[in-house]
Amino acid sequence: MKNLKSEIRELIKGEIRFDEPMSAHTSLKTGGPVEIMAFPEDPVSLKNILTAAEKENIPVFIFGGGTNLLAGDGKIEGIAVSLRAFRSIELTRETEENNAVLYVGAGVPLALLVNLARKNGYSGIEALAGIPGHIGGAVYMNAGSFGAEIRDVVVSVAIMNMHGEISVLEKDKLCFSYRSANLPEGSVILSANFILKKDDPAEVEKRTREFLEKKKAAQPPGKFSAGCVFKNPAGHAAGRLIDAAGCKGMRAGDMEVSAMHANYFINKGKATCRDFIELMETVKAKVREYSGIELESEVKIIGGIID
Ligand SMILES: Cc1cc2nc3c(=O)[nH]c(=O)nc-3n(C[C@H](O)[C@H](O)[C@H](O)COP(=O)(O)OP(=O)(O)OC[C@H]3O[C@@H](n4cnc5c(N)ncnc54)[C@H](O)[C@@H]3O)c2cc1C
């Protein structure tokens, strides 16, 4: 790691930070300092980071908006890579079937794509309005809402592996499932192509606004969270199970089960990753006791939980 720390500035075009707190990059506002944080500005820089890390056996993790991430409280070893500079968004073509095909970089905020679709009357992602984070994260997580998922509109995804090799996976080679894209291990999403249906802009605008209002009404506004903590078990809503098990308002340190939507944990100020894990375990045990159902985490964990 010592070698890489001194050499990394020569390997990449883009910002490098040392001992940068992950708490500044996660919506939950938890996370200790990461040894190296890199913001490569092009695929060659990304390749240089990945291959150097692979050679020295240094862990690498990718983050987007950090809106589905729980980062450990202690020092986080390795390199955190943000693709926020991969922000191209282009209309590739319009098809005879009245579709619009868009190329979108991994660092584009999902909200920007939703907004562009709304303005241009491109239909298909209205229900994703209000989901924070970037395109890379949305594809990796197969983000979804109100029965729609990002997979519904994906045509293909460009990925880079840990050796810096780029490949394009067409939709039929992708194995999307609930809140997962199931990509080959170590894949870094560079971009995705989406297909949207051309529609009346006023209609798309109306539907987008309606979904956004529905979402705002259902989730705790402006609070520090990582969205839904648990996946919905088949046939159940995790939030309802947690509520029925009597967990609303429960706390571990400064982490609280939201009184508004029980599947959200809210950082009330100084909560730690440890608080989050403790609360998760308590809630899981309560739900298991109440319903016999085992909840599974939706949030991704990076870094050690114990310092
Ligand atoms: C208030 C709030 C509401 C939310 N509502 C919803 C909702 O309705 N539906 C929903 O599905 N989610 C929701 N979420 C969760 C979250 O916003 C989504 O999962 C989002 O798509 C994550 O994107 P991100 O860029 O923040 O990913 P991050 O949190 O940064 O990362 C998530 C995972 O993706 C991986 N990843 C990120 N970028 C890349 C890349 N380029 N290549 C490879 N791997 C990558 C990371 O390593 C990590 O494992 C909500 C979150 C919040 C805070």
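Note that the structure is a prediction, hence the values are computed from the model and not measured. When a ligand or atom number is given, it counts from 1 through the structure's own listing order. The first residue in the sequence is number 1, and the count goes up from there.
- The single protein non-hydrogen atom nearest to atom 16 (C) of ligand 1 is Thr67 OG1, 3.2 Å, given as residue, atom name and distance.
- Under 4.0 angstrom from ligand 1, the non-hydrogen atoms of Pro132 come from both its backbone and its side chain.
- Of the options Val139, Ile131, Leu83, Leu183, the smallest heavy-atom separation from atom 14 (N) of ligand 1 is shown by Ile131.
- For atom 39 (C) of ligand 1, the closest heavy atom belonging to the protein is Ile62 CG2, 3.6 Å.
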Subject >> Full working for side-chain contact (heavy atoms from CB on, under 4.5 Å) between Phe176 and Val139 >> reply: CA-CA 9 Å; Phe176 284 111; Val139 171; 4.2 Å; yes
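- For the pair Phe194 and Val154, the minimum side-chain heavy-atom distance is below 4.5 Å.
- Counting heavy atoms under 4.0 Å from ligand 1, residue Ser27 touches it through the side chain alone.
- Between atom 7 (C) of ligand 1 and the options Gly227, Cys228, Gly144, the minimum heavy-atom separation is to Gly144.
- In this structure, the side chains of Met280 and Ser297 come closer than 4.5 Å at one or more pairs of heavy atoms.
- In Met141, the part holding a heavy atom less than 4.0 Å from any atom of ligand 1 is the side chain.
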**OP:** Quick one: do Glu256 and Arg251 satisfy salt bridge (Lys or Arg N to Asp or Glu O under 4.0 Å)? Show the steps, please.
**Re:** CA-CA 4 Å; Glu256 186 178 277; Arg251 276 179 94 129; 3.3 Å; yes
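- Within 6.0 Å of CD on Glu77 lie no more than 12 heavy atoms contributed by other residues, nucleotides or ligands.
- Of the candidates Val114, Ile125, Ile150, Leu110, Leu110 is the only one forming a side-chain contact (heavy atoms from CB on, under 4.5 Å) with Ile131.
- Contact analysis leaves Glu149 out of contact with ligand 1, as no non-hydrogen atom separation drops below 4.0 angstrom.
- A cation-pi arrangement, defined by a distance under 6.0 Å to the six-membered ring centre and an angle within 45 degrees of its axis, is absent between Lys223 and Tyr264.
- Nearest protein heavy-atom neighbour of atom 37 (C) of ligand 1: Gly137 CA, 3.6 Å.
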Original post:
Going through the checks in order, is the side-chain contact (heavy atoms from CB on, under 4.5 Å) test met by Asp275 and Phe265?
Top reply: CA-CA 10 Å; Asp275 295 334; Phe265 289 3; over 6 Å; no
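- Atoms of ligand 1 found under 4.0 Å from any heavy atom of Lys215, numbered from 1 in the order shown, are 5 (N), 7 (C), 8 (O).
- Nearest-residue assignment for atom 21 (O) of ligand 1 (options Ala138, Ala181, Gly64; heavy-atom criterion): Ala138.
- Within the model, atoms CG of Leu46 and CD1 of Ile166 stand 8.0 Å from one another, a figure rounded to the nearest 0.5 Å.
- Nearest non-hydrogen protein atom to atom 28 (P) of ligand 1 is Gly66 N, 3.6 Å.
- Short contacts between ligand 1 and Ser225, defined as distances under 4.0 Å to a heavy atom of the residue, involve ligand atoms 53 (C).
- Within ligand 1, counting atoms from 1 as listed, the ones closer than 4.0 Å to a heavy atom of Phe63 are 30 (O).
- Atoms of ligand 1 lying under 4.0 Å from any heavy atom of Ser187, numbered from 1 in the order shown and given with element: 43 (C).
- Nearest to atom 15 (C) of ligand 1 among the protein's heavy atoms is Asn68 OD1, 3.5 Å.
- Less than 4.0 angstrom separates some heavy atom of Ala143 from each of these atoms of ligand 1: 11 (O), 21 (O).
- Between Met255 and Leu28 the shortest side-chain heavy-atom distance falls below 4.5 Å.
- Remark: side-chain polar atoms of Arg179 are paired, donor with acceptor, to backbone N or O of Gly144 under 3.5 angstrom.
- Inclusion of Lys300 in the set of residues having an N or O under 3.5 Å from an N or O of ligand 1 is not warranted.
- Contacts with ligand 1 closer than 4.0 Å are made by side-chain heavy atoms of Tyr264 only, the backbone lying farther away.
- The shortest contact between atom 24 (P) of ligand 1 and any protein heavy atom is with Gly65 N, 3.4 Å.
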Subject >> Asn48/Ser45 under side-chain hydrogen bond (donor to acceptor under 3.5 Å, both in side chains): CA gap, chis, key distance, verdict >> reply: CA-CA 5 Å; Asn48 289 346; Ser45 300; 5.5 Å; no
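- Among protein heavy atoms, the minimum distance from atom 44 (N) of ligand 1 is reached at Tyr140 CD1, 3.3 Å.
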Original post:
Given Ile302 and Phe63, is the side-chain contact (heavy atoms from CB on, under 4.5 Å) satisfied, shown in steps?
Top reply: CA-CA 10 Å; Ile302 54 166; Phe63 69 102; 5.8 Å; no
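- Nearest residue to atom 41 (N) of ligand 1 from Val60, Ile301, Ile189, Leu28 is Ile189 (criterion: closest heavy atom).
- More than 12 heavy-atom neighbours from other residues, nucleotides or ligands sit within 6.0 angstrom of NZ on Lys284.
- The contact set between ligand 1 and Gly133, taken as ligand atoms under 4.0 Å from a residue heavy atom, comprises 23 (O), 24 (P), 25 (O), 26 (O).
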